[in-house]
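Hydrogens, waters and symmetry mates are skipped; everything else that's a heavy atom, side chains included, is used.
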Amino acid sequence: NSQYKTIRALLSSMAPNKAIEAVRRVNLPEREEQCVIDIDICKKSCVQTAEHLHVSVDGLAKIRRKAYAKIADDIQG
């Protein structure tokens with residue numbers, strides 16, 4: 001989805017602390033927040049993040065999609 005690519009690009013262009021702060025302001029559930037922070041801001045791999053959250057890589061993709069949808073909704077107001 002191009003909207004998700006835009007969100008990833010926006011987070012990647014920000015300073016790490018500022019990006020983390022922006023993600024936390026959305027008030028995502030803990031797993032979704034950690035997923036976005038680990039992968040898109042801290043540049044950890046999906047496999048590392050999945051292991052850290054004790055989910056499969058496919059499960060992680062679902063968590064990440066939900067997070068992006070909530071971030072997009074928050075951006076659109």
Min side-chain heavy-atom separation Ile7-Ile75 under 4.5 Å: yes
Arg65/Glu32 under side-chain contact (heavy atoms from CB on, under 4.5 Å): CA gap, chis, key distance, verdict: CA-CA 9 Å; Arg65 275 194 305 272; Glu32 292 175 13; over 6 Å; no
Considering all heavy atoms, the nearest Val36-Ala67 contact: CG2-CB, 3.6 Å
Between CD1 on residue Ile37 and OG1 on residue Thr49, distance to nearest 0.5 Å: 11.0 Å
Non-hydrogen side-chain atoms of Lys62 and Asp58 separated by less than 4.5 Å: no
His52 side chain near Lys44 side chain, heavy-atom distance below 4.5 Å: no
Test item: Lys66 and Pro29 side chains (from C-beta on) under 4.5 Å apart, heavy atoms: no
Donor on one side chain, acceptor on other, Asp40 and Tyr68, under 3.5 Å: yes
Interatomic distance, Ser12 atom OG to Lys5 atom NZ [nearest 0.5 angstrom]: 13.5 Å
Other residues, nucleotides, ligands: >12 heavy atoms within 6.0 Å of Asn17 CG: no
Greater than 12 external heavy atoms within 6.0 Å of Lys43's NZ: yes
Whether Ser13 side chain and Leu10 backbone form a donor-acceptor pair below 3.5 Å: yes
Check: Ser45 main-chain N/O paired with Gln48 side-chain donor or acceptor under 3.5 Å: yes
Side chain to side chain, Arg64 and Ile39, heavy atoms closer than 4.5 Å: yes
Heavy-atom pair of closest approach, residues Leu60 and Cys35: CD1-SG, 3.5 Å
Separation between CD1 of Ile41 and CE of Met14, rounded to the nearest 0.5 Å: 8.0 Å
Euclidean distance, Glu33 CD relative to Ile71 CD1, rounded to 0.5 Å: 9.5 Å
Polar contact flag, side-chain donor to acceptor under 3.5 angstrom, Tyr4-Arg8: no
Carboxylate-amine/guanidinium proximity below 4.0 Å for Asp74 and Arg25: no
Considering all heavy atoms, the nearest Val26-Lys70 contact: CG1-O, 4.1 Å
